[in-house]
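All remarks here apply to the structure that follows.
Labels below follow one simple rule: chain letters A, B, ... track the order of the sequence lines, proteins then strands, and each chain is numbered from 1.
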There are 2 protein chains.
Amino acid sequence: MRAEARPRDRAATRRRLLDAARALFAEHGYERVTVRMIASAADANVALVGRYFGSKAGLFGEVLRGEPTLQVILEGDREGLPRRLAEFAALRMHADPKSRILRALAHSADDPEIKELVRERLRTAFIAPLAEFLGDDPDAMAKARAAAALLTGISNVRRALGPEPPTPGDVDRLTAMFTVCLDISGQGP
Amino acid sequence: MRAEARPRDRAATRRRLLDAARALFAEHGYERVTVRMIASAADANVALVGRYFGSKAGLFGEVLRGEPTLQVILEGDREGLPRRLAEFAALRMHADPKSRILRALAHSADDPEIKELVRERLRTAFIAPLAEFLGDDPDAMAKARAAAALLTGISNVRRALGPEPPTPGDVDRLTAMFTVCLDISGQGP
DNA sequence: TCGGGAAGTATACGCTCGTTTACTAGCCGT
DNA sequence: ACGGCTAGTAAACGAGCGTATACTTCCCGA
């Protein structure tokens with residue numbers, strides 16, 4: 001199949017590889033994805049991964065760098081934050097392809113280079129913004145860490161046990177957990 | 001070195017392999033551990049893994065089967081459970097070699113056979129006992145799942161960001177999170 | 001004592017991985 | 001129109017993986 005050839009376009013091919021890598025890394029994590037899988041999904045040649053991104057790790061790094069942060073969830077009132085986090089964790093994190101990168105964070109390699117990329121990403125995209133949102137609370141970092149633990153843990157369990165759709169009760173429970181985690185007293189409806 | 005030979009003892013060798021596998025799987029997860037690493041750590045020959053356990057997956061399954069459940073933590077009063085869980089998550093889970101297997105659960109393969117082993121283990125060793133402890137609450141399963149999510153997530157974050165020793169405040173925060181998660185009203189000192 | 005079975009060993013097989021190299025083919029300015 | 005930069009390709013490399021096989025070494029009971 002694929003009878004007709006594609007025009008030769010470095011930028012477009014690079015983007016196709018990046019998109020394919022983003023989807024696959026989010027779905028399976030770093031180690032379970034091969035450069036051949038990425039190239040195949042992008043309908044490109046394997047060698048181009050090396051050519052355009054240096055290496056598989058370089059490509060992974062660029063994927064991480066391009067992923068959105070938690071900024072969207074943080075925009076809004078303080079009282080509603082726990083529920084926004086809970087809804088993100090229960091509903092959006094797995095459905096929205098732009099948010100699934102957190103799954104990859106949860107089960108990636110202990111290859112030092114990759115580990116450093118993941119660490120940096122988890123800090124700058126999640127914990128640091130959340131801590132900043134919490135203000136000058138001296139425990140802000142610890143609270144953000146605990147929230148990150150809950151968020152990634154939800155991803156783990158859903159992955160291991162099956163992605164059954166969460167009930168409203170589940171979202172309420174997660175909301176309560178985020179509330180006490182972040183020490184936010186106000187409670188939504 | 002190792003100048004003198006060991007007596008030939010099938011049972012002992014098997015046990016050494018099992019112990020080495022348990023430690024390594026707990027430390028690195030299923031995929032990052034090779035049968036050669038296990039054999040080397042056990043000071044045994046690679047082929048014996050296949051001989052005694054059938055395959056790497058078979059060995060992994062036997063490791064999981066031999067791991068203790070949460071039973072020890074569940075023994076005790078209902079009000080103290082959240083704190084026992086929090087202390088386990090913050091302190092014992094990473095220090096006690098007998099408990100570290102939960103780390104492996106968090107970042108293991110999506111090879112179907114391994115995935116099923118992990119799923120089964122997570123259910124029978126953690127979620128099911130915890131749900132049973134909670135009584136005939138119709139939400140018991142959902143609560144246990146959320147608790148499992150928090151527990152494995154803590155492992156993730158500690159692994160990714162570094163295992164800095166948790167502060168008493170961290171344990172208090174986790175206690176509060178487990179409390180609202182399991183909907184246990186009583187609060188310890 | 002000595003032969004057979006079992007414990008343990010060395011090694012090779014087939015495969016997949018990330019990466020690299022040598023090559024082909026298309027476009028564009030002159 | 002054509003030569004040269006460049007996107008894209010095919011294939012191979014070396015390493016590491018799980019596994020299987022043929023072999024050696026040891027012990028113990030007849």
Check your understanding: What nucleic acid atoms does Y52(A) come within less than 4.0 Å of, heavy atoms only: base, sugar-phosphate, or nothing?
Key -> sugar-phosphate
Review point. Which whole-number value in Å describes the distance from R32(B) CZ to dG18(D) C1'?
Key: 16 Å
Review point. Think T34(A) has a side-chain N or O under 4.0 angstrom from the OP1 or OP2 of dT16(C)?
Key: no
**Study point:** Whole angstrom value for the distance that separates P of dG18(D) from CD1 of I38(B)
**Key:** 8 Å
Revision key, fill the gap. In whole angstroms, the gap separating C1' of dA7(D) from CG of D43(A) amounts to 15 Å
**Study point:** Atom-pair distance (CG on L59(A); P on dT19(C)), nearest Å
**Key:** 10 Å
Exercise for review: Compare side-chain N and O positions of T13(A) against OP1 and OP2 of dA7(D) and report whether any pair is under 4.0 Å apart.
Suggested key: no
Check your understanding: The side chain of V46(A) lies closest to which of these nucleotides: dT19(C), dT9(C), dT19(D)?
Key -> dT19(C)
Exercise for review: Using atom NZ of K56(A) as one end and atom P of dT19(C) as the other, report the distance to the nearest whole Å.
Suggested key: 8 Å
Review point. Are E31(B) and R32(A) close enough for a salt bridge, meaning some N to O gap below 4.0 Å?
Key: yes
Review point. What is the distance from CG of L17(B) to C1' of dG18(D), rounded to the nearest Å?
Key: 15 Å
Review point. Do R36(B) and dG18(D) share a donor-acceptor pair, side chain to base, under 3.5 Å?
Key: yes
**Study point:** Test item: D9(B) side-chain N/O and A12(B) main-chain N/O as donor-acceptor pair under 3.5 Å
**Key:** yes
Review point. Salt-bridged, R84(B) to D77(B), with N to O below 4.0 Å?
Key: yes
Check your understanding: So, R158(A) side chain and E164(A) main chain: donor-acceptor pair closer than 3.5 Å or not?
Key -> yes
Check your understanding: With a 4.0 Å cut-off on heavy atoms, is V49(B) in touch with a base, just the backbone sugar-phosphate, or nothing at all?
Key -> nothing
Practice item. From the options dG18(D), dG8(D), dT9(C), select the nucleotide whose nearest atom is closest to the side chain of L48(A). Key: dG8(D)
**Study point:** Given DNA chain D, 5'-ward residue of the pair R10(A) and N45(B), judged by closest heavy atom
**Key:** R10(A)
**Study point:** Integer-rounded Å distance: dT19(D) P and F60(B) CZ
**Key:** 14 Å
Point to revise | Side-chain donor or acceptor of K56(A) paired with backbone N/O of Y30(A) under 3.5 Å | key: yes
Point to revise | Distance, rounded to the nearest Å, where E31(B) contributes CD and dC17(C) contributes C1' | key: 13 Å
Check your understanding: Applying the side chain to side chain contact (heavy atoms under 4.5 Å, CB included) test to N45(B), which of D43(B), V49(B), L48(B) qualifies?
Key -> L48(B)
Point to revise | Ion pair D183(B)/R173(A), N-O distance below 4.0 Å | key: no
Point to revise | Minimum-distance nucleotide (side-chain atoms of A47(B) versus dA20(D), dG18(C), dT20(C)) | key: dA20(D)
Would you tabulate the nitrogen or oxygen pairs shorter than 3.5 Å linking the protein to nucleotides 23-25 of chain D?
unit_1, atom_1, unit_2, atom_2, d
dT25(D), O2, R8(B), NH1, 2.6

